[in-house]
Amino acid sequence: DIQMTQSPSSLSASVGDRVTITCRASQNISSHLNWYQYKPGKAPKILIYGAATLQSGVPSRFSGSGSGTDFTLTVNSLQPEDFATYYCQQSYSTHKTFGQGTKLEMK
Amino acid sequence: QVQLVQSGAEVKKPGASVKVSCKAAGYTFSSYGITWVRQAPGQGPEWMGWINPYNGVTYYAQKFQVRATMTTDTSTSTAYMELTGLTSDDTAIYYCVREGSSGPHIYFQYWGQGTLVTVSS
């Protein structure tokens, strides 16, 4: 199975800050990398697919980059509703593994 | 619009089995696979397996190969996931998911509301 490693596991930031979350795959997954936002009591929400394509309706302050094994999710000008947990997921293989998550907390 | 509506919360004793349902609406059920994902407390989501409602083909994560059975009923547009031999480690929220795709890229676009399964003696 492909292992996905996210860092940091938690992050404190303030409204208006720019934050970056990284995700590393244990093998080359090309650009088959998705990012999800998770809030307690709600199902995860797809933010970015194909490493860099914003899902329809997702604010443009979210962006993704990377290919191969190293990927990043950047949130510019954090808004109050962005404080949540973020997961990366590889869709390269049938067994679509997730990272362990990055909890973004308000400072 | 696409909707996936899951069955309600379950409390089970160790060693028991649980069967979670997922009723789909708003699209042609047999045209898209259904994935099952679970999330245990404090953990990341875990891919359990996938089923093609059109022909019943399934793929399971190795750790669930023996204990999980995924089925579908196309007459009611419902998917099922049964997990046997429950232990406390199986306490989690279980989600059914329908994929979306764009070119070569697949992502989990539509999620059920989740079903909490609690395993406790």
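Each chain gets a letter, A, B and so on, in the order the sequences are listed, and its residues count up from 1.
When all heavy atoms are compared, the tightest approach of A/His32 to B/Pro104 is CE1-O, 3.5 Å. Of all heavy-atom pairs between A/Tyr87 and B/Gly44, the closest is CE2-CA, 3.5 Å. Heavy-atom minimum distance, A/Ser31 versus B/His105: OG-CE1, 3.1 Å.
Using a 4.5 Å cut-off between heavy atoms, A/Gln6 does not touch chain B at all. Neither the backbone nor the side chain of B/Gln113 comes within less than 4.5 Å of any heavy atom in chain A. Both the backbone and the side chain of B/Phe108 come within less than 4.5 Å of a heavy atom in chain A.
One N or O on the side chain of A/Ser91 and one on the backbone of B/Ile106 form a donor-acceptor pair closer than 3.5 Å. Listed for the A/Tyr38 side chain is no donor-acceptor partner under 3.5 Å among the backbone atoms of B/Pro45.
Distance CG/A/Asp1 to CH2/B/Trp47: 9.0 Å, rounded to 0.5 Å. Here OH of B/Tyr107 is found 7.5 Å from CD1 of A/Ile46. Values are rounded to the nearest 0.5 Å.
Grouping the Ile, Leu, Val, Met, Phe, Trp and Tyr side chains by contacts below 4.5 angstrom, directly or via other members, places B/Val18 apart from B/Tyr95. B/Tyr110 and B/Met48 fall within the same hydrophobic cluster, where Ile, Leu, Val, Met, Phe, Trp and Tyr residues are linked whenever their side-chain heavy atoms come under 4.5 Å apart, directly or through other members. Using a 4.5 Å cut-off between side-chain heavy atoms of Ile, Leu, Val, Met, Phe, Trp and Tyr, with links allowed through other members, B/Tyr94 and B/Val119 fall into the same hydrophobic cluster. Under the 4.5 Å side-chain contact rule for hydrophobic residues, B/Trp111 and B/Val117 do not share a cluster. If you chain together hydrophobic residues whose side chains sit under 4.5 Å apart, A/Tyr49 and B/Val97 fall into the same group.
In the hydrophobic clustering, A/Ile21 connects to A/Ile2, A/Met4, A/Leu11, A/Val15, A/Val19, A/Ile29, A/Leu33, A/Trp35, A/Leu47, A/Ile48, A/Leu54, A/Val58, A/Phe62, A/Phe71, A/Leu73, A/Val75, A/Leu78, A/Phe83, A/Tyr86, A/Tyr92, A/Leu104, A/Met106, either directly or through intervening members, whenever side-chain heavy atoms lie under 4.5 Å apart.
Shown here is A/Arg24, whose CZ atom has no more than 12 heavy atoms of other residues, nucleotides or ligands within 6.0 Å. Heavy-atom contacts from other residues, nucleotides or ligands closer than 6.0 Å to NZ of A/Lys103 number 12 or fewer. Taking a 6.0 Å sphere around CZ of A/Arg61, one finds it holds more than 12 heavy atoms contributed by other residues, nucleotides or ligands. Other residues, nucleotides and ligands contribute only 12 or fewer heavy atoms inside 6.0 Å of the CD atom of B/Gln62.
The side-chain heavy atoms of A/Lys96 and B/Glu99, taken from C-beta on, include a pair separated by under 4.5 Å.
Using a 4.5 Å cut-off between non-hydrogen atoms, the part of residues 30-42 of chain B that approaches chain A consists of B/Val37, B/Gln39.
Here A/Pro44 is the residue among A/Gly101, A/Gly50, A/Pro44, A/Ala51 with the most heavy-atom pairs under 4.5 Å with chain B.
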